Amino acid sequence: MIIAIDGPAGSGKSSTAKAVAQKLGFQHIDTGAMYRVITLKALRQHVSFRDEAKMGSLTQNTKIEFDGFIPNVKVIMDGEDVSKEIRSDDVTKNVSDYCAIKIVRELLVEQQRNIAKGKNSVAEGRDMASVVFPDAELKIFMTANVETRAKRRQKDFEKLGVKKTIEELSAEIEARDKKDSSRKNSPLCKTEDSIEIDTSNLSFEEQTQKIIGLAKKKI
Ligand code: DC
């Protein structure tokens, strides 16, 4: 069974997807982490997002692995633990440009389907329901208002020792939303068969239980 969870940054998608996967004993597929890995490698190697040919070979020559168990899954790039670095400000600011490249998406989508093959999965991203797993048994679209999302991001950044104001983060979130929703290749969108959950006024426990309840009805 596949549970597809899509939504914008800060909608609570990641933490909820992890908790749902853990409680149901499913694997968690963090597709955003995969786009972040490719972005990190491109930034390190000074490959521009405009250079599609180089980005194609860079993606093809990058091994992405998830190691360990929720909540301590490490993201491994070519044998190196990059779990922290892929969450850096630099990667976060640039990932929208790199994840919009057609060839990068094609190659990563193929990997995402392979990871899910034959396994119960909670797959989380922007195009899970629309492109990667159109036949998913349960499709969730998570949202939250910009202020709530900025507050959540502020907490994430605090853990990394980075201080940012709510205004600054709201502007960054809106800019990223705009790019992610208006890009040509697999934009962030809610499919007709997705169930929308607005998490602005929900506790973490409430949003997790809501999805688990929906999943149990399908099992
Ligand atoms: O969920 P996240 O913030 O880690 O995602 C990082 C970026 O990757 C985000 O800007 C959108 C993009 N992304 C995507 O385009 N498609 C996905 N399936 C997952 C993430």
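For reference, positions follow the sequence shown, starting with 1. Quantities reported herein were computed from a predicted structural model and do not represent experimental measurements. All ligand and atom numbering here is 1-based and tracks the order in the structure.
Cation-pi geometry between K190 and F141 is not satisfied (NZ or CZ under 6.0 Å from the ring centre, within 45° of the ring normal).
Residue pairs satisfying the salt bridge (charged side-chain N to carboxylate O under 4.0 Å, His left out) criterion with at least one member in residues 14-37, sequence neighbours excluded, are listed as follows: K23-E205, D30-R87. Applying the salt bridge (charged side-chain N to carboxylate O under 4.0 Å, His left out) rule to pairs touching residues 57-76 yields K63-E65, sequence neighbours excluded.
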Quiz: residues 48-59 side-chain donor-acceptor pairs under 3.5 angstrom, not counting sequence neighbours:
| unit_1 | atom_1 | unit_2 | atom_2 | d |
| --- | --- | --- | --- | --- |
| S48 | OG | R50 | N | 2.9 |
| D51 | OD1 | K54 | N | 3.2 |
| S57 | OG | K54 | O | 3.2 |
| T59 | OG1 | M55 | O | 2.7 |

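Protein residues having at least one heavy atom under 4.0 Å from any atom of ligand 1 are K13, T31, G32, Y35, R36, R87, V95, S96, C99, R105, G125, R126, D127, M128, R153, R176, D180, R183, listed by chain and number.
Remark: side-chain polar atoms of D6 are paired, donor with acceptor, to backbone N or O of A129 under 3.5 angstrom.
Side-chain contact annotation: E147 with S170, donor-acceptor N/O pair under 3.5 Å absent.
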